[in-house]
Amino acid sequence: MTDTLRKIFCGLIFFSVIYWLMLNYGVAKLSDEIMQISQWNSFCLRGIFPIIIIGVAIFFVEKKHILSTLEWCIVIVGCIEAFYSLMQLYGFSYSNHSIFKLTGSFYNPGPLGGYLAITLPIALNMWLNIKVKKENLNKSENITKFQKINILSQYYILIFTLVLLIIVLPSTMSRTSWISGCFGCIYVLLCSGILKKYLDKIKINKKLLLIIGVIILFLAGIGIWKVKSESANGRLFLWKISTLAVMDSPISGHDIFSPAYGNAQEKYFANIIEKKGYFNIGNEENIATSPDYAFNEYLQFAILYGIPLTLLIIAFLVFAIFFAHKNKRFQFVGGIISLLVFCFASYPMQIPAFVVLLIILTIGLIIPENINYVYHKIILASLLSILAIFMIIKRPIYSERIDLMQKWEKSQMFYNMKVYTKAAKYYAEMSDKMDWNGRFLYEYGHSLYKTEKYQDAIIELNKCLNYLSDPMIFNVIGECYQNLNNYSEAEKYYIRSSHRLPNRLYPHYLLYLLYANENYFKPENRKAEYEIIMNKFIKIESEATREMRSKVENMEKLFKTNN
């Protein structure tokens, strides 16, 4: 290929990949659910062209030019992200979240920290390489003035990027991103030989150095834990329940994370309550939630797709890392190590921007080393073609869902104003096409319940259980059954709600009212629920919990007076 055509291809890769990497910009300002679908729509729309261009380019453009283009794309977008975050931090630009000062183009600082942590080892490796070229400038006699300017400009751009990343990364307060960035950078420094040279120079005893390193890591770990100890404990509990959810279906997995997690948590607490009672659950009830993610991509993937496929994907990435390490692509290996470490305690693969990064890094890892290995190129081009076809197929689906979500947002006005009759009417018109959205199904079912269409409400709310793990769904289903005089079914759903999140007072309140009902009168059960309501530890007291306790106390006094 001529030098002109090579430059054209590299230019096309550069601008199309930059455009793809920046898919967050403008999208994060949308409302939460529309934002996520819009990001996936943008992922498909913007990704088709770069994937096709890279697929064609691997047959004609030298490997080093493609790799150089891809690494510069990641670093430039990472630099823009860090600069944008710095502007937010000092008040020159608006954050995408009212609680946080900086978010970058994301919705909160957690993903921002992860993104910068992945960029950091790539930029570090590039700077180390260009630093060697800069040091050899005066030694080389054949270098042109243009080449000298090119090397120097790259050198100072990378220094500027590294400084920005190092300044902004701590401000995200994301411990996972700090750790992942450190792992990636340590790998790069080890592979570059700088650490070895430095250690040889100071001539320190290696055993002593190892002991000091372990102590520093231990103290750093305690310090990082203490920054957000409650969050860390919650994360550990989340992984514990996620592991139980994996074991519920270890081979085939589950369709959706939230209900699988909710069912596992419900079984876990039901077992403890049966053995120890409500007052001996321990601190776990106060850190239990109804999460949308496992905050561990390996567990999340295993829950959704089973253990065998998870191990297969991990094996592929390990093979790709070894292949790239052998061929000295330290920048891409450093980046993927940071991403894989970040995956241990966050949810990057649920955000399209990180999926783009993963694809680009994987291409950097596995792109054929030798031009004679044509079958490598064919395999990679085939994989990229499959990815492009997937994007072409999925984009219209995301586009349709965005339109439906916008239509739903308009109808939500009636639901939020508690005009449930109109809300149910408008929701009914969309129900066939919105049966993939758990929150829509809940609002529709709740509206039907409020308009006394209890049987229809039960149908919609049971659909909702396939998408969400919120115990409030059980409460509303239980109330529907209670209004239909099916008290045993109502009791079953209230109990399930109390097991799924034991720190909630409301299901016990509903059970108390049920057992106090003359048609389902159970004095012993009522008294047991009274004890729970009045003595249960509530992490955050509210007007609602005080009202429930007051009403129950007054009712119990009446029962005692009548007896």
Side-chain angles (χ1 to χ4, degrees), residues 13-25 27-28 36 39-40 42-51 54 66-82 84-85 103-107 109-126 161 165 168-169 172 174 176-177 180-181 183-185 187-188 297-298 300-301 313 316-317 320-321 324 329-367 383-384 387 390-391:
I13 293 171
F14 181 80
F15 289 109
S16 59
V17 170
I18 288 279
Y19 181 62
W20 198 21
L21 282 165
M22 294 179 73
L23 61 85
N24 272 345
Y25 287 84
V27 175
Q36 194 169 24
Q39 284 176 338
W40 285 112
S42 185
F43 167 83
C44 294
L45 182 63
R46 298 187 186 189
I48 294 167
F49 186 63
I51 288 298
I54 294 169
I66 297 176
L67 295 182
S68 178
T69 304
L70 292 178
E71 67 185 2
W72 270 108
C73 286
I74 294 170
V75 165
I76 286 170
V77 173
C79 181
I80 292 168
E81 198 72 61
Y84 182 35
S85 303
T103 59
S105 66
F106 296 91
Y107 192 62
L112 168 66
Y115 202 90
L116 299 182
I118 294 161
T119 307
L120 188 59
I122 299 170
L124 177 62
N125 186 82
M126 290 171 68
T161 301
L165 293 171
V168 177
L169 192 55
T172 63
S174 169
T176 309
S177 64
S180 60
F183 269 89
C185 288
Y187 166 81
V188 166
E297 288 296 348
Y298 307 99
Q300 177 119 1
F301 201 88
I313 297 295
F316 168 76
L317 288 172
I321 286 168
R329 300 180 192 174
F330 303 136
Q331 70 279 42
F332 291 102
V333 177
I336 204 81
I337 285 172
S338 288
L339 177 56
L340 293 178
V341 172
F342 191 64
C343 284
F344 268 106
S346 192
Y347 50 94
M349 292 302 104
Q350 314 309 312
I351 302 170
F354 285 90
V355 179
V356 176
L357 264 182
L358 176 63
I359 292 167
I360 293 169
L361 288 169
T362 306
I363 291 169
L365 293 174
I366 66 173
I367 199 167
L383 291 172
L384 292 172
L387 182 59
F390 171 82
M391 290 173 177

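If you're wondering where the values come from, they're calculated on a predicted model, not measured in any experiment.
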Ala345 and Thr176: which non-hydrogen atoms are nearest, and at how many Å?
CB-OG1, 3.5 Å
Any heavy-atom pair between the side chains of Ile74 and Ile118 that's under 4.5 Å?
no
Is Phe43 close to Ile359 at the side-chain level, that is, under 4.5 Å between some pair of heavy atoms?
yes
Would the number of heavy atoms belonging to other residues, nucleotides or ligands and lying under 6.0 Å from CZ of Phe183 be above 12?
no
Could you pull out the closest heavy-atom pair between Ser338 and Pro121, with the gap in Å?
OG-CG, 3.4 Å
Check for a donor-acceptor pair, side chain of Ser180 on one end and backbone N or O of Ser177 on the other, with a separation under 3.5 Å.
yes
Between atom CH2 of Trp72 and atom SG of Cys79, what is the distance when rounded to the nearest 0.5 Å?
9.5 Å
Say you draw a straight line from CG of Leu67 to CZ of Arg329; how long is it, rounded to the nearest 0.5 Å?
5.0 Å
Beyond-backbone contact of Ser174 with Phe342, side-chain heavy atoms, under 4.5 angstrom
yes
Could you report the tightest heavy-atom contact between Thr161 and Ala123, atom names first, then the distance?
CG2-CB, 4.4 Å
Looking at every heavy atom in both Gly104 and Tyr84, which two are closest together, and how far apart are they?
O-CE2, 3.3 Å
I need the minimum non-hydrogen distance between Ala324 and Val333, along with the two atoms involved.
CB-CG2, 3.5 Å
Matching residue for Tyr115 among Leu21, Leu339, Leu169 - test: side chain to side chain contact (heavy atoms under 4.5 Å, CB included):
Leu21
Distance in Å, Thr362 OG1 paired with Ile367 CD1, rounded so as to fall on 0.5 Å steps
12.0 Å
Heavy-atom side-chain contact between Thr103 and Leu112 under 4.5 Å
no
Pairs of donor and acceptor atoms involving the side chains of residues 349-356, under 3.5 Å and at least two apart or interchain, shall be tabulated with distances.
from	atom 1	to	atom 2	distance (Å)
Gln350	NE2	Glu297	OE1	3.0
Gln350	NE2	Glu297	OE2	3.2

Phe15 versus Pro50: any side-chain heavy-atom pair under 4.5 Å?
no
Among residues at least two apart in sequence or on other chains, which ones pass side chain to side chain contact (heavy atoms under 4.5 Å, CB included) with Leu340?
Tyr298, Leu317, Ile321, Ile336
How far does SG of Cys185 sit from CD1 of Ile337, to the nearest 0.5 angstrom?
10.5 Å
So, for Leu70 and Gly364, which heavy atoms are closest and what is the spacing to 0.1 Å?
CD1-N, 4.4 Å
Nearest 0.5 Å, what's the CG-CG distance between Leu124 and Leu165?
10.5 Å
May I ask you to decide if Ile13's main-chain N or O and Ser16's side chain share a donor-acceptor pair within less than 3.5 Å?
yes
Is any side-chain heavy atom of Ile122 closer than 4.5 Å to one of Leu361?
yes
If you measure from CD on Gln300 to OG on Ser346, what distance do you get to the nearest 0.5 Å?
10.5 Å
Glu81 (side chain) donor-acceptor with Ser105 (main chain) under 3.5 angstrom:
yes
Can you list everything that forms a ring-ring contact (aromatic ring centres under 6.0 Å, His included) with Phe390? Sequence neighbours excluded, please.
none
After noting the C-alpha distance and the side-chain angles of Val77 and Thr119, does the key distance pass the side-chain contact (heavy atoms from CB on, under 4.5 Å) rule?
CA-CA 9 Å; Val77 173; Thr119 307; over 6 Å; no
Can you tell if the side chain of Glu71 reaches within under 4.5 Å of the side chain of Val75, non-hydrogen atoms only?
no
Heavy-atom check, side chain of Val17 versus side chain of Thr69, under 4.5 Å:
no
